[in-house]
Amino acid sequence: MIPDTNKPQSRSLFWVYVIALTYFTLHLLTSTRYGYFRDALYYLACSEHLAPGYVDQPPLIAVLGWFTRHTLGTSLPALLFWPALAGALRIILTAVFARELGAGRFGTVLAAALAATPGVWWVIDHQFAMNSLEPLFWGGLAYVIVRLINTANPKLWLAFGAIAGIGLLNKYSIVIFAGALLTGLLITRQRNLLFTPWILVGGAIAFLIFLPNLIWNVQHHWPFLELMRNFRATGKDIILSPGMYLLQQVLMLNPVSFPFWFGGLLFYFFSRDAKKYRAFGWAFVITILFFMITHGKDYYSSATYVMLFAAGGVVTERLISVRPTLRTLLRPACFIWLALGVVPLLPLVLPVLPIETFLSYQSHLPFEVPKTERSFVGETLPQYYADEFPWPGLVAATARVYHSLTPEEQQRAAIFGSNYGQAAAIDFFGPQYGLPKAISGHQNYFLWGPRHYTGEIVILLGSTEREAREQFESVNVAATLDNPYAYRYENRPILLCRGLKWDLQTGWSKVKVWR
């Protein structure tokens, strides 16, 4: 598959680029297969309200959404260009990381191939969201550390600080991994790298980049922390036992890659040649233990595997080199093994099949796709696919209800989404139907307020009749939804409600839903 030659290392990057380009192309070719993911619509809504912070995320994804709207547009290929690009860059980063660890041509290309195997990465790289960017920031931090170890250049702490600062504007969880890396250095012989004034300068850079978001959080009384507390209180996440959490790590990364990345972990801890890189092994263990103990979702730790795949390429190359007589056979066998593990499962992580064909494919699988939240249990499609289907039908039905009102009533009628997905769908698809922007109490929509609406007339999305009758004088089912691919709670009837029992302007705090 990859011939064993003594040509310069730069030739190995050709195959790395081929793998990255193939990965990128597959994502773009399938970008229009299903539809817009719920969170992508929400982030586009946030991009119309640029701010230093938001209730449930830092501002980077909204800024990227704003940039995309004003350059590439808001088509599915335009939005998915960025996560697909992030995935391709992650593959290249993993290969370059492997070279820093001492990989030759085969090990470098194998590391790139390993970075293209995890099912969880295929899924997140098909969504316009923060998760696809996270492995780049985490991997970037680790790459700076490996360069720091290899060169002893303390000025690299400036790059560490810059990456950490920008990463904080993407997801706050980078603090966990950055802390794990620093702890790994502290408990190994490389701790001397920490004792330099340049690390303070790097920390100052990170702080200054993050400062606007920090100020916003202080001014808004730390909404993200309140959100996290509410998440815990609702018990919506499925809590995994330590054993199941570790098993999920193997499954979400694709079992065929397990021998490689686990070998990479052992390489960090037990190889004599890797003694100076032991901090990466500790950083991985600390990160996994943190999410396991705090009951984080299984994919929260996925960004840390960049450094393990890189090490997996190194250790596999060295093991194969011990048996020169088998090298010609074993090297292509590694790539064939990975391909056999990825290709059959590709429809499960990338929409390569029409939806009806996918349902047939899924019904023949010997396992079920693991669920991360209780509300997903029992649904037909995996959550990451189901969240792409309900929106055009929902907006079209809402438009019929809205236009059944008189022009005077339309001026007073608010469209209220029970969750940000419904509200964001109205905001995105609604203009083609002449709909006004939606309001909602969910996440950052709450901060955007009720605008001029009082609650006299409300087109209510996502609530039950019982819930609505507790709040309104009159409630009528104005339209029904029956999308077979959407979640059950997205098929609740559209309700036309009149006479809110309290004023929306003065009682807006009642609609707040941060969870």
Side-chain angles (χ1 to χ4, degrees), residues 34-49 54-57 65 74 127-129 227 236 373 375-376 379 381 383-403 413-451 453 455 457-468 471-472 475-497 500 504 508 510-515:
Y34 295 161
Y36 287 85
F37 188 65
R38 174 195 306 268
D39 290 1
L41 296 175
Y42 175 57
Y43 299 140
L44 285 175
C46 290
S47 74
E48 297 183 13
H49 302 264
Y54 300 88
V55 170
D56 43 352
Q57 80 269 340
T74 56
Q127 300 169 359
F128 181 75
L227 178 69
K236 64 183 296 187
E373 295 184 11
S375 57
F376 303 153
E379 297 290 354
L381 290 174
Q383 178 262 342
Y384 47 86
Y385 285 163
D387 268 346
E388 296 184 3
F389 281 96
W391 316 123
L394 170 72
V395 178
T398 302
R400 290 193 293 271
V401 176
Y402 180 79
H403 290 296
I415 302 175
F416 189 97
S418 296
N419 63 59
Y420 66 62
Q422 298 154 355
I426 296 295
D427 288 355
F428 184 78
F429 294 105
Q432 62 185 294
Y433 296 99
L435 295 180
K437 294 290 186 180
I439 60 175
S440 176
H442 193 209
Q443 312 306 53
N444 220 78
Y445 269 94
F446 173 75
L447 296 184
W448 299 333
R451 296 204 297 280
Y453 299 113
I457 303 174
V458 176
I459 299 173
L460 190 58
L461 312 177
S463 290
T464 65
E465 286 187 69
R466 181 185 61 79
E467 293 169 336
Q471 305 295 329
F472 293 89
V475 176
N476 293 300
V477 175
T480 56
L481 302 170
D482 186 25
N483 190 314
Y485 310 123
Y487 284 126
R488 285 166 289 183
Y489 59 79
E490 296 297 355
N491 276 322
R492 289 172 179 167
I494 297 174
L495 305 176
L496 180 58
C497 307
L500 183 64
L504 202 58
W508 183 247
K510 296 181 181 180
V511 308
K512 179 181 177 182
V513 179
W514 286 359
R515 62 174 184 268

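The shown structure was predicted, so the numbers you read here are calculated from the model rather than taken from an experiment.
For Thr398, the side chain to side chain contact (heavy atoms under 4.5 Å, CB included) test picks out Leu394, Ile415, Ile426, Leu435, Ile459, Leu461, Ile494, with sequence neighbours left out. Here Tyr43 pairs with nothing under the ring pair (Phe, Tyr, Trp, His ring centres under 6.0 Å) rule; sequence neighbours left out. The salt bridge (charged side-chain N to carboxylate O under 4.0 Å, His left out) test applied to Glu467 returns no partner, not counting sequence neighbours. Phe416 pairs by the ring pair (Phe, Tyr, Trp, His ring centres under 6.0 Å) definition with nothing, not counting sequence neighbours. The side-chain hydrogen bond (donor to acceptor under 3.5 Å, both in side chains) search around Tyr34 returns none, not counting sequence neighbours.
Of all the heavy atoms in Ala486 and Asn491, the pair that sits closest is O-ND2, 4.1 Å. The two residues Ser440 and Gly417 make their nearest non-hydrogen contact at OG-O, 2.7 Å. Shortest non-hydrogen contact noted between Ser418 and Gly462 is OG-C, 3.5 Å. Scanning both residues, Gly65 and Ser47, for their nearest heavy atoms gives C-CB, 3.7 Å. The two residues Gly449 and Ile439 come nearest to each other via the heavy atoms O-CG2, 3.9 Å.
A heavy-atom distance below 4.5 Å is not found between the side chains of Leu381 and Tyr487. Phe446 has its side chain out of reach of Val55: every pair of non-hydrogen atoms, C-beta onward, lies at least 4.5 Å apart. Counting heavy atoms from C-beta on, the side chains of Gln57 and Cys46 come closer than 4.5 Å. Looking at heavy atoms from C-beta onward, Glu490 lies out of side-chain contact with Asn483 at the 4.5 angstrom threshold.
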Dump the intermediate steps for side chain to side chain contact (heavy atoms under 4.5 Å, CB included) on Gln422 and Trp391, then the final yes or no.
CA-CA 7 Å; Gln422 298 154 355; Trp391 316 123; 4.2 Å; yes
Chi angles and distances behind the side chain to side chain contact (heavy atoms under 4.5 Å, CB included) call for Ile457, Leu496
CA-CA 7 Å; Ile457 303 174; Leu496 180 58; 4.1 Å; yes
Where do Asp56 and Tyr42 land on the side chain to side chain contact (heavy atoms under 4.5 Å, CB included) test, with the steps shown first?
CA-CA 11 Å; Asp56 43 352; Tyr42 175 57; 2.9 Å; yes
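In this structure a side-chain-to-backbone donor-acceptor pair under 3.5 Å is missing from Arg492 to Leu481. A side-chain donor-acceptor contact under 3.5 Å links His403 to the backbone of Tyr433. Of the possible donor and acceptor atoms, none in the side chain of Glu388 sits under 3.5 Å from a partner among the backbone N and O of Tyr385.
Checked by atom type, the side-chain pair Tyr489/Asn419 shows no donor-acceptor distance below 3.5 Å.
Expressed to the nearest 0.5 Å, how far CG of Leu504 lies from OH of Tyr453 amounts to 10.5 Å. One distance of note links OG of Ser463 with CZ of Phe472; it measures 8.5 Å at 0.5 Å rounding. Distance CD/Gln443 to CZ/Arg515: 9.0 Å, rounded to 0.5 Å. Atom CZ of Phe428 is separated from atom CG of Leu44 by 6.0 Å, given to the nearest 0.5 angstrom. In this structure, the separation between CH2 on Trp508 and CH2 on Trp448 is 11.5 Å, given to the nearest 0.5 Å.
Checked against a 6.0 Å centroid threshold, the rings of Phe429 and Tyr36 count as neighbours.
Identified under the salt bridge (charged side-chain N to carboxylate O under 4.0 Å, His left out) test for residues 424-442, with sequence neighbours left out: Glu48-Lys437.
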